[in-house]
Colleague: 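Just dropping this structure here.
For clarity, every value in this text was computed on a predicted model and none was experimentally measured. Residue numbers begin at 1 in each chain, while the letters A, B, ... track the order of the sequences. Quick note: numbers below take in every heavy atom, side chains included, and nothing from hydrogens, waters or symmetry partners.
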Protein chains: 4
Amino acid sequence: MIRVGILGASGYMGGEALRVLLRHPEVELVWATSRTEQDAEMVHRNLYGAGVRLIHPDKITPVDVVFASLPTGNIMTMTQDLLADGAKVIDLGSDFRLKDVDQWNSVYGKTHVDPSLVAEAVYGIPELHRAKLQETRVVANPGCFSSAAIFGLAPLVQGGFADNGKLVVDGLSGTAGAGAETDTSIHHPEIGNNIVPYNVVGHRHTFEMEQELGFLTDDDVRIHFTSHYVPITRGILAVCHGFLNEPVTREELLDAYREFYDGEYFIKVYDMPRDPGAPWQHRPYPWVNAVSGTNFCHIGLDVDEERGRVVVFSVLDSVGKGGALAGVQNMNLLFGLEERIGLDFFGLHPY
Amino acid sequence: MIRVGILGASGYMGGEALRVLLRHPEVELVWATSRTEQDAEMVHRNLYGAGVRLIHPDKITPVDVVFASLPTGNIMTMTQDLLADGAKVIDLGSDFRLKDVDQWNSVYGKTHVDPSLVAEAVYGIPELHRAKLQETRVVANPGCFSSAAIFGLAPLVQGGFADNGKLVVDGLSGTAGAGAETDTSIHHPEIGNNIVPYNVVGHRHTFEMEQELGFLTDDDVRIHFTSHYVPITRGILAVCHGFLNEPVTREELLDAYREFYDGEYFIKVYDMPRDPGAPWQHRPYPWVNAVSGTNFCHIGLDVDEERGRVVVFSVLDSVGKGGALAGVQNMNLLFGLEERIGLDFFGLHPY
Amino acid sequence: MIRVGILGASGYMGGEALRVLLRHPEVELVWATSRTEQDAEMVHRNLYGAGVRLIHPDKITPVDVVFASLPTGNIMTMTQDLLADGAKVIDLGSDFRLKDVDQWNSVYGKTHVDPSLVAEAVYGIPELHRAKLQETRVVANPGCFSSAAIFGLAPLVQGGFADNGKLVVDGLSGTAGAGAETDTSIHHPEIGNNIVPYNVVGHRHTFEMEQELGFLTDDDVRIHFTSHYVPITRGILAVCHGFLNEPVTREELLDAYREFYDGEYFIKVYDMPRDPGAPWQHRPYPWVNAVSGTNFCHIGLDVDEERGRVVVFSVLDSVGKGGALAGVQNMNLLFGLEERIGLDFFGLHPY
Amino acid sequence: MIRVGILGASGYMGGEALRVLLRHPEVELVWATSRTEQDAEMVHRNLYGAGVRLIHPDKITPVDVVFASLPTGNIMTMTQDLLADGAKVIDLGSDFRLKDVDQWNSVYGKTHVDPSLVAEAVYGIPELHRAKLQETRVVANPGCFSSAAIFGLAPLVQGGFADNGKLVVDGLSGTAGAGAETDTSIHHPEIGNNIVPYNVVGHRHTFEMEQELGFLTDDDVRIHFTSHYVPITRGILAVCHGFLNEPVTREELLDAYREFYDGEYFIKVYDMPRDPGAPWQHRPYPWVNAVSGTNFCHIGLDVDEERGRVVVFSVLDSVGKGGALAGVQNMNLLFGLEERIGLDFFGLHPY
């Protein structure tokens with residue numbers, strides 16, 4: 001059994017880790033923390049009866065792996081000690097995501113305290129970095145929008161089908177992405193019938209997208225990203241637009257996507273025929289509610305032959321495949337387990 | 001392995017059975033039917049990649065147990081043949097729920113074709129009929145509102161605390177309860193910011209509630225029930241009001257509830273102190289989204305000492321503990337399995 | 001022109017007063033206050049371009065009438081001064097609603113500073129107190145749930161059709177009812193797919209309901225009230241249940257309701273036939289979204305002859321006919337205007 | 001008084017025309033039609049008590065102006081007769097929107113029967129074609145997405161700030177945009193927590209956008225448009241992205257927008273400073289719920305200097321400024337009235 005601790009289990013991200021790890025057959029949950037000691041079920045009612053007590057972070061003990069869901073800048077100061085105590089660290093936050101430390105300092109408005117860890121950390125997308133994830137001690141779990149956009153664009157960027165300097169991404173997020181702290185932007189009377197743009201230019205996840213997609217091409221990748229909250233609780237849709245370098249058919253692009261994700265259980269490419277008269281569920285554009293609460297990412301695409309544009313839809317759950325559940329997948333890799341273990345469940349319909 | 005078939009898997013109830021049975025460790029899914037043959041993932045996108053083909057009901061083969069989610073009046077004509085082929089039958093519909101066949105005929109506007117099966121069928125609430133469910137061949141799975149109200153009221157009715165002839169229940173249902181067929185009442189532009197009362201008197205589930213609660217007392221139980229759709233997708237809240245026969249404290253009632261449900265894993269009684277100033281999640285009134293997609297029922301209650309009223313809140317998922325998942329729990333009983341198998345997962349937070 | 005001031009215009013209630021008074025043909029808005037001076041459009045984006053500056057309450061000047069939307073206990077200390085300056089006062093809050101000052105002290109946990117004003121104040125339901133509202137200087141505008149329940153129950157209580165000591169009311173409120181301050185109970189990730197019971201016994205509006213309905217009968221009126229937030233932004237549904245004293249038909253009750261509200265423009269009784277097979281919009285149960293943003297209250301009812309129960313549905317907007325717009329109607333009365341002026345617009349469909 | 005008829009008043013677009021025209025001080029509503037004769041309040045509950053009977057289209061009589069909200073291809077066959085009877089025609093549908101009849105035939109899959117009317121018709125955006133709208137007999141009211149995108153992009157395209165051949169627009173629509181007919185895509189259990197892409201390439205409104213924006217520049221305008229339903233009932237957000245031809249500041253672009261819309265009452269440009277730390281309502285990105293039910297369009301924008309992108313947000317109501325209310329504005333122009341008459345009301349907060 002893998003002995004696991006969770007730093008920061010009272011938020012939505014840590015709570016999702018807790019939910020899944022409590023039922024992971026190879027995991028023993030040793031502790032989960034919260035600044036306010038309390039029963040986990042008092043913040044996560046879905047866990048009513050689970051019998052988990054959240055403890056103060058001062059009381060943690062050595063474990064095999066730590067999931068960290070802390071405010072930016074916290075885990076970078078603790079990681080060396082955790083490693084020294086024999087733990088591996090999966091950061092669900094943003095401390096180790098950007099390889100360029102100067103860029104990190106600029107984007108996050110802080111000074112990174114441990115660039116050596118940045119160098120050691122592996123960006124936590126198994127579909128791109130599986131081999132390294134089996135060897136590392138530190139995982140930089142990706143941002144939620146980053147995951148969605150990277151999954152949606154990786155085959156396109158690698159294949160050089162579109163102008164990699166003019167990729168436009170509109171990100172639509174459920175309100176869970178804003179976190180458990182109350183805020184006017186997701187106050188129900190304000191957002192219940194609304195769409196709230198935020199971080200419309202310069203969103204921090206943009207830099208992760210450009211970094212990771214940049215590894216797949218010699219082109220200078222530029223992601224033109226804007227994010228919005230929509231009145232759903234969970235899930236993210238990344239709508240990705242590219243301008244085709246030369247004509248390509250939808251079927252040719254689908255081939256590239258199927259090949260790129262061949263054998264990847266958690267990435268599903270929608271390759272149904274494009275038939276505008278088909279029943280709605282038969283159309284090849286994924287629905288975000290199909291993957292809520294899961295580690296799946298669904299991808300669909302279409303081509304506007306007349307105008308030379310490709311549009312790719314990528315959906316995942318911001319605390320699922322875009323967060324804590326991807327972290328569990330990474331843990332499985334770190335410990336040599338089959339990737340699906342503890343994660344092989346479906347979403348809900350309806351959701 | 002239990003060999004299972006699902007009659008009617010394209011609706012929400014059958015789809016939920018499918019979702020959970022595909023991952024039940026003791027189940028082999030042999031077939032699932034739909035009048036339109038198609039891949040299950042074409043109606044239930046959450047199952048994308050599951051590789052399940054829905055077949056026409058004409059093509060079914062013998063199995064150990066059949067889950068039926070069919071329009072009223074269908075499974076009663078097929079059950080004898082299924083039993084003769086060695087199957088047990090779990091009806092997720094309404095054909096065998098009412099013990100009084102004349103009442104059934106009147107309530108459903110049809111003539112029942114097989115009263116002997118009604119006599120044999122056991123009402124599928126393990127918490128009330130566990131022993132019989134281990135012996136029967138036919139399970140009458142309860143209606144969704146019936147389950148919620150029965151769980152909420154059973155200890156109250158049995159204990160005789162309130163006037164059992166004047167129990168008022170307001171049922172609030174998510175739109176999944178209306179089913180997959182499109183309908184004006186749950187057309188998003190109409191219901192998105194709305195509350196839609198329906199079946200405001202004489203709802204069919206009323207009779208189940210009175211039947212089952214009537215078994216717990218010598219009183220003439222009368223449930224004054226009204227149902228509404230609210231703009232959530234899944235889940236039911238039953239708000240149950242009773243007029244106390246004589247003064248009783250909240251704590252005394254909680255004792256009765258805890259005792260009644262002692263050892264019942266899937267029924268959780270909220271016994272936190274009543275503290276109007278406590279953080280919201282600490283208050284003893286259950287939230288329906290905590291049990292969505294699960295087999296749990298959460299119950300909380302309070303007492304208006306000044307006016308002599310008790311109010312009980314009972315939440316469950318109409319296709320979960322109020323439907324298909326309760327059916328799986330019943331299947332576990334029918335086959336001598338531990339009740340939790342295949343059902344021991346938590347809901348989502350947020351949902 | 002009536003010169004109007006609004007005390008507390010940054011919240012939802014004051015903002016609604018502002019919206020309608022800005023377009024009232026007989027009103028000149030002189031000032032509106034907020035503790036933070038700012039353009040009104042910076043808190044109420046619907047008013048973008050209206051050119052209204054919210055001023056600090058210290059800067060107010062004499063006007064003909066003051067609408068007050070302040071925390072409990074504030075306006076009772078200011079009213080004598082306002083009256084002395086020649087203004088009438090319409091309190092959209094709760095300072096003058098309860099005629100029994102001891103009860104008020106107990107319910108609100110404060111000591112009332114000016115019982116003489118309580119005696120002078122008229123409860124602001126024109127349909128019950130029109131003549132007095134034309135004479136008074138102080139209006140106690142009703143609570144939102146109180147309005148809905150009183151409108152739904154008044155003809156029933158007055159007619160003595162049901163047991164007036166056992167009236168059960170489930171109140172379902174949109175989140176605007178909770179106000180503009182962020183709070184976990186209406187944090188979108190928590191409430192978006194949820195129903196949140198609150199003030200489940202002893203809700204303060206209960207006492208107003210009992211007071212006002214008590215004026216209509218010699219019976220001891222007891223309202224058994226429980227409130228919930230549902231994930232709609234505006235509007236209230238009061239579901240009112242009564243136990244019939246003796247058999248009465250739906251049509252007889254409708255007669256009583258039509259007679260009671262005869263000539264009342266803002267109260268609409270749904271008297272369509274009860275036909276369970278009719279299109280949804282033809283059924284006689286009102287929908288809350290039809291009255292959002294308006295001064296209308298829609299009422300419908302049905303009778304369970306078998307069990308001797310009547311259920312009445314009453315819908316209104318908590319800041320409309322249940323709040324600020326009723327306040328404007330009261331202002332029209334105070335100043336001898338036609339009641340509909342400035343209020344004679346329809347709601348939206350869809351909403 | 002202008003004598004008005006509405007062809008097709010049972011849908012959402014016609015119902016909105018009805019709602020506003022009933023309270024327009026210069027209008028006498030003579031008739032409104034529906035294939036099923038019935039009281040308007042039976043399809044539009046917001047009009048309960050309005051006393052409007054919808055009549056069969058066979059029964060219409062001469063009026064001064066006809067609003068038509070009919071399926072594509074219907075009004076083009078009736079318009080000559082209506083004109084001969086002295087009426088002006090405001091088509092809220094799509095029969096006269098595209099000036100290129102061959103393109104219309106191709107886009108709508110029909111053969112246009114009256115190209116002379118296409119030539120005569122004026123595209124119903126007063127902010128672009130005011131003078132012509134004062135002279136014409138036939139108005140082609142714009143598509144909802146077209147209105148939003150055109151308002152958002154017109155100053156940008158005219159100013160030549162960005163690459164007019166690579167304008168990307170993501171359109172997010174409330175479900176009212178899909179109409180009153182039930183459909184799986186807006187069945188509440190499917191859409192309640194979902195985002196549904198549709199017409200992802202080749203949306204018919206694309207051609208209107210390119211036509212109208214093309215009039216403002218010599219460039220070949222190409223709009224790369226994709227539409228989605230989000231779970232709000234009303235309103236549209238067009239997120240418009242452009243690649244800057246050369247560096248330009250946000251302030252310079254705002255100047256161009258303010259100048260372009262100078263004096264336009266119904267178009268509001270958000271020119272607050274860009275301050276990521278400001279309260280949410282102070283940020284310069286419009287919220288769609290602020291304009292629901294109104295004839296306003298709110299526009300905001302920002303610039304990514306580092307990547308050379310401009311993003312413009314444009315919000316309106318698909319049956320308001322993007323539909324029936326713009327039609328009323330056009331009617332005011334046709335009859336020489338002040339443009340605001342009957343339309344000068346604010347939206348709701350909260351909505």
Colleague: Between chain C and each of D/Trp280, D/Tyr270, D/Phe345, D/Trp287, count heavy-atom pairs under 4.5 Å; write down the option with the most.
Modeller: D/Tyr270

Colleague: So for D/Ile232, is it side chain, backbone, both, or neither that comes closer than 4.5 Å to the heavy atoms of chain C?
Modeller: neither

Colleague: What part of D/Val269 lies closer than 4.5 angstrom to a heavy atom of chain C: side chain, backbone, both or neither?
Modeller: backbone

Colleague: For the candidates D/Thr175, D/Val291, D/Leu348, which exhibits the highest count of non-hydrogen atom pairs separated by less than 4.5 Å from chain C?
Modeller: D/Leu348

Colleague: Who among C/Phe296, C/Tyr351, C/Tyr12 has the most heavy-atom pairs with chain D under 4.5 Å?
Modeller: C/Tyr351

Colleague: May I ask you to check whether C/Phe346 and D/Tyr48 place their ring centres under 6.0 Å from each other?
Modeller: no

Colleague: Is it the backbone or the side chain of C/Arg23 that comes under 4.5 Å from a heavy atom of chain D, or both, or neither?
Modeller: side chain

Colleague: Report the option among D/Lys268, D/His298, D/His282 that has the most heavy-atom pairs separated by less than 4.5 Å from atoms of chain C.
Modeller: D/His282

Colleague: Checking side chain to side chain contact (heavy atoms under 4.5 Å, CB included) against C/His349, which of D/Arg45, D/Arg234, D/His44, D/Glu16 comes through?
Modeller: D/His44

Colleague: Looking at D/Glu259, I want to see if its CD is surrounded by more than 12 non-hydrogen atoms of other residues, nucleotides or ligands under 6.0 Å.
Modeller: no

Colleague: What residues of residues 32-39 of chain D make heavy-atom contacts with chain C at a cutoff under 4.5 angstrom?
Modeller: D/Gln38

Colleague: Between D/Asn289, D/Asp344, D/Thr294, which shows the greatest number of heavy-atom pairs under 4.5 Å with chain C?
Modeller: D/Asp344

Colleague: For D/Tyr265, is it the side chain, the backbone, both, or neither that has a heavy atom closer than 4.5 Å to a heavy atom of chain C?
Modeller: side chain

